[in-house]
Amino acid sequence: LVDNFYIIEEQILEIIDETWNEPLLLGKEGLQMEDTARFAFCLGMDIVDFSRRTVGRQGELIEALEKAVQQSSTFQGFADKVWVPAGDGLFVAFFTDRDEPETPVRCALEVARHIEDYNNALRDGTAEADLDRWRLLDVRMGISYGIVVKRTSMNQQPNLTGDALNLAARVMSCGDA
């Protein structure tokens with residue numbers, strides 16, 4: 001199975017070799033956007049039961065998740081990355097060599113530790129029966145590898161699309177916080 005993966009990967013690389021990291025011109029009626037397709041490791045995160053929280057609580061939890069990601073030394077130290085919000089979570093694409101799968105794993109573990117610290121701070125001095133469980137940050141994570149298209153959204157913000165993000169979202173949906 002692993003050998004087949006590398007054979008398929010080599011075939012894909014051959015197909016896109018000439019356009020590797022070159023802009024793809026997309027659009028309709030003359031509208032063109034520059035997109036860049038590259039291989040990346042993706043880390044997707046979403047907040048469990050997000051839609052069941054109050055709007056104010058949703059904002060607090062998104063901020064807490066973003067802070068946990070930004071505190072990750074792997075995230076901070078990695079130069080070629082893009083992160084985008086995704087409603088109830090976010091995605092990080094690490095554009096790196098195919099031989100570095102530990103990058104998103106290390107980032108995920110660091111984020112999980114920061115989330116644990118956040119939740120422990122909420123629990124400090126509060127009896128479990130009195131704790132508002134909707135304040136706790138429970139997160140699912142998914143990691144994948146594949147083609148990611150880095151583009152600029154219509155409001156001029158970085159955006160990501162591609163099979164690697166879709167797969168990370170599928171893996172994430174299998175997780176249980």
Side-chain angles (χ1 to χ4, degrees), residues 21 23-24 26-27 31-96 100-122 132-177:
N21 294 327
L24 302 172
L26 304 174
L31 175 66
Q32 297 187 354
M33 297 176 273
E34 286 193 11
D35 295 352
T36 306
R38 295 174 56 196
F39 280 97
F41 288 99
C42 293
L43 170 59
M45 295 167 260
D46 77 345
I47 298 171
V48 176
D49 290 332
F50 186 78
S51 60
R52 296 178 63 190
R53 320 284 176 115
T54 64
V55 172
R57 187 76 69 223
Q58 289 175 356
E60 290 173 16
L61 294 174
I62 288 290
E63 286 178 21
L65 177 58
E66 289 175 353
K67 184 177 178 184
V69 172
Q70 291 167 349
Q71 290 175 331
S72 161
S73 60
T74 301
F75 180 83
Q76 290 173 8
F78 201 88
D80 197 4
K81 67 178 177 292
V82 174
W83 77 274
V84 294
D88 63 348
L90 57 90
F91 283 92
V92 182
F94 296 96
F95 297 97
T96 182
E100 297 182 38
E102 67 276 2
T103 301
V105 174
R106 192 170 39 248
C107 185
L109 291 170
E110 292 168 1
V111 169
R113 280 192 288 276
H114 291 299
I115 290 171
E116 184 177 19
D117 292 344
Y118 172 85
N119 287 336
N120 286 339
L122 290 174
D132 179 2
R133 84 171 201 85
W134 297 111
R135 293 185 63 204
L136 297 176
L137 180 56
D138 295 320
V139 175
R140 287 185 202 91
M141 297 186 194
I143 296 173
S144 71
Y145 171 73
I147 295 176
V148 174
V149 179
K150 184 168 54 170
R151 55 185 303 270
T152 302
S153 69
M154 59 191 257
N155 61 356
Q156 302 306 309
Q157 298 299 313
N159 202 355
L160 300 169
T161 59
D163 289 341
L165 277 87
N166 298 336
L167 183 56
R170 301 294 180 276
V171 171
M172 192 169 39
S173 68
C174 296
D176 206 27

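The first residue of the sequence shown is numbered 1, and numbering continues consecutively from there.
- Val148 is listed as a side-chain neighbour of Cys42, based on a closest heavy-atom distance under 4.5 Å.
- Considering CH2 of Trp83 and CG of Leu160, their distance stands at 11.0 Å, rounded to 0.5 Å.
- Judged as a salt bridge (charged side-chain N to carboxylate O under 4.0 Å, His left out), the pairs with a partner in residues 72-93 (not counting sequence neighbours) are, in order, Arg38-Asp80.
- You'll find the side chain of Glu110 reaches within 4.5 Å of the side chain of Arg106, heavy atoms only.
- Across all their heavy atoms, Lys150 and Val82 have their closest contact at CD-CG2, 3.3 Å.
- When all heavy atoms of Thr161 and Leu165 are compared, the pair lying nearest together is O-CD1, 4.0 Å.
- Within the 4.5 Å cutoff, the side chain of Leu109 has heavy atoms near those of the Val105 side chain.
- Distance check: Leu43 CG to Thr103 OG1 gives 11.0 Å after rounding to the nearest 0.5 Å.
- When the options Phe95, Phe94, Phe91, Tyr145 are evaluated for a ring pair (Phe, Tyr, Trp, His ring centres under 6.0 Å) with Phe41, the one that passes is Tyr145.
- Using a distance-only test at 3.5 Å, with no hydrogens or angles considered, no donor-acceptor pair links the side chain of Asp46 to the main chain of Gly89.
- Taking the side chain as every heavy atom from C-beta outward, Asp163 and Ile147 never approach each other to under 4.5 Å.
- Across Ala40 and Ala164, no two heavy atoms sit closer than the pair O-CB, 4.3 Å.
- If you take CD1 on Ile143 and CG on Leu167, they are separated by 11.0 Å, rounding to the nearest 0.5 Å.
- Taking CG of Leu65 as the reference point, atom NZ of Lys67 lies at 12.5 Å (rounded to 0.5 Å).
- Considering every non-hydrogen atom in both Ala68 and His114, the closest pair reads O-CD2, 3.6 Å.
- The closest side-chain heavy-atom distance from Ile62 to Phe50 is below 4.5 Å.
- With sequence neighbours excluded, no residue forms a side chain to side chain donor-acceptor pair (under 3.5 Å) with Arg170.
- For the side chain to side chain donor-acceptor pair (under 3.5 Å) test, no residue two or more places apart in sequence or in another chain qualifies with Ser51.
- Considering every non-hydrogen atom in both Cys107 and Ser72, the closest pair reads SG-OG, 3.6 Å.
- Val92 places a side-chain heavy atom less than 4.5 Å from the side chain of Met45.
- A salt bridge does not link Arg113 with Glu116: every distance from a Lys NZ or Arg NE/NH1/NH2 to an Asp or Glu carboxylate oxygen is 4.0 Å or more.
- Here the CD1-CG distance, from Ile47 to Leu90, works out to 8.5 Å after rounding to the nearest 0.5 Å.
- Scanning all heavy atoms of the two residues, the minimum distance from Asn119 to Asp138 falls at ND2-OD1, 4.4 Å.
- Between Met172 atom CE and Ser144 atom OG the span is 9.5 Å, to the nearest 0.5 Å.
- Side-chain N or O atoms of Arg140 include none that pairs as donor or acceptor with a backbone N or O of Ala169 at under 3.5 Å.
- At distances below 3.5 Å, not a single donor-acceptor pair connects side-chain atoms of Gln70 with backbone N or O atoms of Gln76.
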